[in-house]
Amino acid sequence: MKADFMKKLKSNKTLRSNLITFGMVILAYVIMEILMAAGLLSNLLKGMLVPLCVYAILAVSLNLTVGILGELSLGHAGFMCVGAFSSAFFSKCMQEAIPIAGVRFILAILIGALCAGVFGILIGIPVLRLKGDYLAIVTLAFGEIIKNLVNILYIGIDENGFHFSTKSSLDLNLSENGKIIIQGAQGITGTPNDSNFTVGILLLLITLIIVLNLIHSRDGRAIMAIRDNTIAAESVGINITKYKLMAFSISAALAGVAGVLYAHNLSTLTALPKNFGYNMSIMILVFVVLGGIGNIRGSVIAAVVLTLLPELLRGLNDYRMLIYAIVLIVMMLFNWAPVCIGWREKIKYKMKSRKTVKNSGKEA
């Protein structure tokens with residue numbers, strides 16, 4: 001009886017927490033839409049709405065690997081790159097064949113997620129046998145390899161089919177009616193601009209639903225058991241390889257979805273270091289760490305705050321990076337300092353005690 005009551009209590013607490021997370025995202029969307037309708041948002045902030053959704057999806061998906069699985073991956077920008085270029089390639093090829101933008105974009109999302117997920121499985125099979133720094137180095141190398149491969153890839157299409165080259169566009173030998181789709185370092189130009197803030201919020205909500213449901217499912221508990229103690233998990237019959245691959249590939253697929261959203265928000269998609277390089281992977285990891293490892297809601301908040309802050313402080317040219325650094329330090333201390341953790345637990349305990357006293361008073 002007591003076990004059932006505790007289980008129900010925990011279930012209600014989880015549901016409440018999830019509803020708060022979804023409510024927070026929906027509320028932010030409604031506020032932004034009202035501000036846009038009233039003309040109170042600058043062009044700079046309007047242009048940042050889709051990237052905010054991209055970074056939030058990336059932070060949530062990486063938290064699945066780093067926070068829930070407990071493995072340090074620095075190749076998230078590589079999976080994003082796979083999703084971005086595979087979906088942009090599809091959209092560019094199918095622009096005339098599928099004139100309905102919504103249908104084409106949904107197919108592009110599925111293709112981007114599938115390609116990134118397949119790469120996640122292919123990379124995960126050999127890489128997830130490694131631990132700690134070794135895993136981080138190999139995943140970082142994967143991200144850099146993908147970026148550099150895209151920069152030397154030339155693909156064109158004509159009536160004879162696709163033509164590939166790694167030297168130059170002239171080596172494609174296209175006919176007069178042929179067109180180049182990927183132009184090496186110049187990337188893909190003319191991708192349909194199908195992304196918008198509403199689509200970004202919907203994809204973020206879908207990402208949250210997938211990740212939160214996985215965490216609180218039987219599979220999620222198995223993944224967290226592996227994180228806490230691999231030997232103990234294996235001793236009770238948990239398939240380590242299966243669950244590690246599951247978490248890693250889902251995380252990669254969701255990064256691919258973020259890449260699709262990113263690619264269809266730009267007129268020209270290029271594989272530059274600032275877009276898909278080492279710094280991007282580190283920035284996503286910073287969102288996860290400062291939001292709280294394993295804290296999905298914290299990842300969304302950190303991604304939004306740390307992306308908006310430098311832009312909102314642009315007027316304070318002399319001090320904006322100083323303020324940004326101070327905010328980073330404060331967030332780090334708040335999430336990880338033992339004193340702050342103890343202080344938060346004390347406040348939580350006091351609030352629970354007051355609630356219990358109130359409820360007992362009502363019953364009396």
Side-chain angles (χ1 to χ4, degrees), residues 50 54 75-126 139 141-195 199 203 249 252-277 280:
V50 175
V54 171
H76 224 53
F79 297 121
M80 179 190 174
C81 184
V82 171
F85 275 88
S86 59
S87 64
F89 181 82
F90 169 80
S91 294
K92 188 79 188 289
C93 291
M94 294 291 136
Q95 204 163 358
E96 294 173 7
I98 309 175
I100 303 168
V103 174
R104 188 181 58 237
F105 188 55
I106 289 169
L107 290 173
I109 291 169
L110 294 173
I111 286 167
L114 182 65
C115 290
V118 168
F119 269 85
I121 293 168
L122 293 175
I123 298 299
I125 290 169
T139 50
F142 160 73
E144 292 300 306
I145 289 165
I146 288 292
K147 175 176 65 69
N148 291 323
L149 277 176
V150 170
N151 280 328
I152 62 164
L153 190 62
Y154 295 85
I155 301 177
I157 187 171
D158 59 15
E159 59 273 12
N160 298 318
F162 290 103
H163 299 256
F164 301 86
S165 175
T166 55
K167 294 178 182 177
S168 71
S169 55
L170 297 173
D171 290 328
L172 293 173
N173 297 320
L174 296 171
S175 64
E176 290 181 3
N177 298 323
K179 63 176 182 179
I180 301 170
I181 300 171
I182 299 181
Q183 304 181 58
Q186 293 177 34
I188 300 177
T189 306
T191 307
N193 196 351
D194 295 328
S195 289
V199 171
L203 290 176
S249 57
L254 293 174
V257 170
V260 176
L261 191 64
Y262 180 82
H264 288 76
N265 190 48
L266 302 169
S267 55
T268 302
L269 178 67
T270 52
L272 297 173
K274 67 174 183 178
N275 297 342
F276 303 112
M280 173 62 88

With rounding to the nearest 0.5 Å, note down the distance linking [atom1] in [X] to [atom2] in [Y].
X	Y	atom1	atom2	result
T268	Q183	OG1	CD	9.0 Å
I152	I182	CD1	CD1	12.0 Å
K167	L153	NZ	CG	14.0 Å
S249	I123	OG	CD1	12.5 Å
L203	L254	CG	CG	10.0 Å

Check your understanding: Between T139 and H76, is a side-chain contact (heavy atoms from CB on, under 4.5 Å) present by the stated rule, with each step listed?
Key -> CA-CA 8 Å; T139 50; H76 224 53; over 6 Å; no

Shortest non-hydrogen contact from [X] to [Y]?
X	Y	result
G190	Q95	O-OE1, 3.8 Å
G78	I146	O-CG2, 3.9 Å
T191	A88	OG1-CB, 3.9 Å
V260	G112	CG2-CA, 3.7 Å
I181	C93	CD1-SG, 3.2 Å
A263	L269	CB-CD2, 3.8 Å

Check your understanding: Could you go step by step and tell me if T189 and S267 meet the side-chain contact (heavy atoms from CB on, under 4.5 Å) rule?
Key -> CA-CA 6 Å; T189 306; S267 55; over 6 Å; no

So, does [X] use its side chain to make a donor-acceptor pair with the main chain of [Y] at under 3.5 Å?
X	Y	value
D158	K179	no
N275	A271	no
S91	P192	no
K92	I188	no
S87	A84	yes

Review point. Which one of L107, V103, I109 satisfies the side-chain contact (heavy atoms from CB on, under 4.5 Å) criterion with F105?
Key: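 Looking at L107, V103, I109, the match for F105 under the side-chain contact (heavy atoms from CB on, under 4.5 Å) is I109.
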
**Study point:** Option among F142, Y262, F119, F276 that satisfies the ring pair (Phe, Tyr, Trp, His ring centres under 6.0 Å) test with F79
**Key:**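 It is F142; the other options fail the test.
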
Check your understanding: Do N193 and H264 meet the criterion of a side-chain donor-acceptor pair at a distance under 3.5 Å?
Key ->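 The answer is no; no qualifying pair exists.
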
Check your understanding: Do the non-hydrogen side-chain atoms of R104 and F90 ever get within less than 4.5 Å of each other?
Key ->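 When only atoms from C-beta onward are counted, F90 and R104 do touch, with a gap below 4.5 Å.
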
Review point. Got I180 and I155 here, is their nearest side-chain heavy-atom distance under 4.5 Å?
Key: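 Answer no - side chains too far apart.
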
Check your understanding: Using the benzene-type ring in the case of Trp, are the ring centres of F89 and F162 under 6.0 Å apart?
Key ->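 F89 vs F162: aromatic centres under 6.0 Å.
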
Review point. Can L261 and V199 be said to form a side-chain contact (heavy atoms from CB on, under 4.5 Å), step by step?
Key: CA-CA 8 Å; L261 191 64; V199 171; 4.1 Å; yes

